[in-house]
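Notes follow the structure.
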Amino acid sequence: MRIALVGDRSPGVRSHVRVPSLLEALRRRDGVVLDAYWVPTADAASDAGGLERFDGIWMLPGSPYLSEEGAVAAARTARECGIPFLGTCGGFHHMLLEYARNVCGLDVAHAENEPGAREFLLTPLECSLAGHEGLVRLSPGSLIERIMGAGTTVEVYNCSYGLNPLYERVLEEHGLEFSGHAGDGAVRVAELPSHPFFLATLFQPELSGDGGRAHPVIAAFAAAVAARAGRAARVGPVSALDTPAGARRPAAELGVTTTEGPGLAGAGC
């Protein structure tokens, strides 16, 4: 079961450093072995990334990315090809950017990437969330609520940008669901109900706890990857880890649906 870790890998990004221990925790505690490969955003912008061949795509924090085009292309590949997708922090931003441009037809920008643009989908937060924790209220019946098994959760952030509320309605009208909100109503989670697993969070689940146990969102993503792969887990190059194979945990236990939604197929899938 192969996953692409889309981002510009850096030892200075805490979430990147956490990845090996989280993958090990998935193997040890959840019985899911993932072959993880880092795909730089510049490669994701071309055929070099080969993203359609992966069983899952996780777009990690670390923005501004070296290639906005590559990050947007990775989200589009996952959406159109029905590949399980998890976007955290910068991944949340660029998933929304892709959807706004390619599904809603909006000419919008990310203020961090294009400060001179005319229309911004992602804008600076009134108060930076870098290094903060906050309560997130989850929509009843949503994927994120099923994953967490509760109506609220307290999560870790390291972010200074968020969705411009002026665009919430048009994104929802085109099928995106905003399923997690802060106390002031600001969007914190987005998902695509018509997709097997397409979830993005402004918070960083990879920073939760001490890294000895995968956050439920990460475990659910891994289960969706296993469901798509449709075969037993096998050993492969998981960063610097050397791990034995393990049995898969049923996707249903982690709130994952494997039903294909309409309109997902895209060129090259």
Side-chain angles (χ1 to χ4, degrees), residues 3-7 15 41 44 51 54 56-63 65 68 70-104 108 110 112-113 121-123 125 129 134 136-139 142-148 153 155-165 167-168 171-172 174-182 186-208 215-222 224-225 254-257 261 264:
I3 66 168
L5 303 175
V6 176
S15 63
T41 55
L51 294 176
F54 285 91
I57 297 173
W58 182 359
M59 193 181 302
L60 285 152
S63 62
Y65 299 126
E68 177 188 279
V72 169
R76 184 171 191 170
T77 297
R79 178 177 58 80
E80 292 185 341
C81 296
I83 299 171
F85 175 86
L86 175 61
T88 55
C89 195
F92 170 89
H93 295 154
H94 288 74
M95 181 274 269
L96 294 180
L97 199 60
E98 188 280 323
Y99 203 86
R101 290 174 176 173
N102 297 320
V103 178
C104 304
V108 289
H110 191 322
E112 184 179 36
N113 302 340
L121 181 73
L122 290 310
T123 54
L125 297 169
L129 292 171
V136 183
R137 301 188 185 280
L138 310 177
S139 300
S142 63
L143 173 61
I144 186 67
E145 193 258 356
R146 297 198 308 273
I147 289 171
M148 298 306 301
T153 180
E155 300 294 343
V156 180
Y157 295 87
N158 192 27
C159 187
S160 298
Y161 291 83
L163 175 64
N164 184 341
Y167 290 99
E168 287 183 37
L171 291 169
E172 290 176 324
H174 283 80
L176 203 62
E177 178 182 352
F178 296 118
S179 53
H181 297 82
V187 171
R188 297 291 185 256
V189 184
E191 57 188 72
L192 186 59
S194 62
H195 192 282
F197 189 98
F198 199 79
L199 181 69
T201 67
L202 187 63
F203 59 82
Q204 296 188 17
E206 58 274 11
L207 297 183
S208 177
H215 186 285
V217 163
I218 297 171
F221 168 68
V225 171
L254 293 167
V256 176
T257 175
L264 296 176

Side-chain contact, heavy-atom cut-off 4.5 Å: Val187 with Phe92? yes

Can you check whether Phe198 reaches Leu143 side chain to side chain, under 4.5 Å on heavy atoms? no

Separation between CG of Leu122 and CG of Asn164, rounded to the nearest 0.5 Å: 8.5 Å

Ignoring hydrogens, what is the shortest heavy-atom contact between Phe85 and Gly91? Give both atom names and the distance. CZ-O, 4.2 Å

Are any side-chain N or O atoms of Gln204 and backbone N or O atoms of Cys89, one a donor and one an acceptor, separated by less than 3.5 Å? no

Taking all non-hydrogen atoms of both residues into account, name the closest pair between Ala100 and Val108 and its distance. CB-CG2, 3.9 Å

Check: Tyr99 main-chain N/O paired with His174 side-chain donor or acceptor under 3.5 Å: no

Measure the spacing between CG of Leu199 and CH2 of Trp58 and express it to the nearest 0.5 Å. 12.0 Å

As an exercise, state the distance from NE2 of His110 to CG of Leu97, rounded to the nearest 0.5 Å. 7.5 Å

Should Glu206 and Val156 be marked as a side-chain contact (heavy atoms from CB on, under 4.5 Å) after you check the CA-CA gap, both sets of side-chain angles, and the distance that decides it? CA-CA 9 Å; Glu206 58 274 11; Val156 180; over 6 Å; no

Quick check on Arg101: does its CZ atom have over 12 non-hydrogen neighbours (other residues, nucleotides or ligands) under 6.0 Å away? yes

Least distance between heavy atoms, Ala74 atom then Ala44 atom: CB-CB, 4.4 Å

Output the distance between atom CZ (Phe221) and atom CD1 (Ile147), rounded to the nearest 0.5 Å. 11.0 Å

Cut-off 3.5 Å, side chains only: do Glu177 and Ser179 have a donor facing an acceptor? no

Heavy-atom pair of closest approach, residues Leu192 and Gly175: CD1-O, 3.5 Å

Would you check if Glu155 and His215 make a side-chain contact, meaning some heavy-atom pair closer than 4.5 Å? yes

Exactly one candidate in Thr41, Asn113, Val6 meets side chain to side chain contact (heavy atoms under 4.5 Å, CB included) with His94; the answer is Asn113

Less than 4.5 Å apart, any side-chain heavy atom of Phe178 and any of Leu96? yes

Quick one: do Arg188 and Leu129 satisfy side-chain contact (heavy atoms from CB on, under 4.5 Å)? Show the steps, please. CA-CA 11 Å; Arg188 297 291 185 256; Leu129 292 171; 3.7 Å; yes

Apply side-chain contact (heavy atoms from CB on, under 4.5 Å) to residues Asn102 and Val72 and explain how you reach the verdict. CA-CA 10 Å; Asn102 297 320; Val72 169; 4.2 Å; yes

What class does the angle between the rings of His93 and Tyr161 fall in, given that below 30° is parallel, 30 to 60° is tilted and above 60° is perpendicular? perpendicular

Quick check for you: to the nearest 0.5 Å, what is the distance between Ile83 atom CD1 and His195 atom NE2? 7.5 Å

Minimal heavy-atom distance between Ser142 and Ser139, with the atoms involved, is OG-O, 2.7 Å

Minimal heavy-atom distance between Leu171 and Cys104, with the atoms involved, is CD2-SG, 3.7 Å

Quiz question: by atom type and distance under 3.5 Å, do the side chains of Glu112 and Ser63 form a donor-acceptor pair? yes

Take Val189 and Phe203 through the test side-chain contact (heavy atoms from CB on, under 4.5 Å) and record every step on the way to the result. CA-CA 8 Å; Val189 184; Phe203 59 82; 3.7 Å; yes

Evaluate the side-chain proximity of Val103 to Arg79: yes if any heavy-atom separation is below 4.5 Å, no if none is. yes

Side-chain heavy atoms of Leu202 within contact of Leu163, under 4.5 Å: no

Between the OG1 atom in Thr201 and the CD atom in Glu191, the distance rounded to the nearest 0.5 Å is 11.5 Å

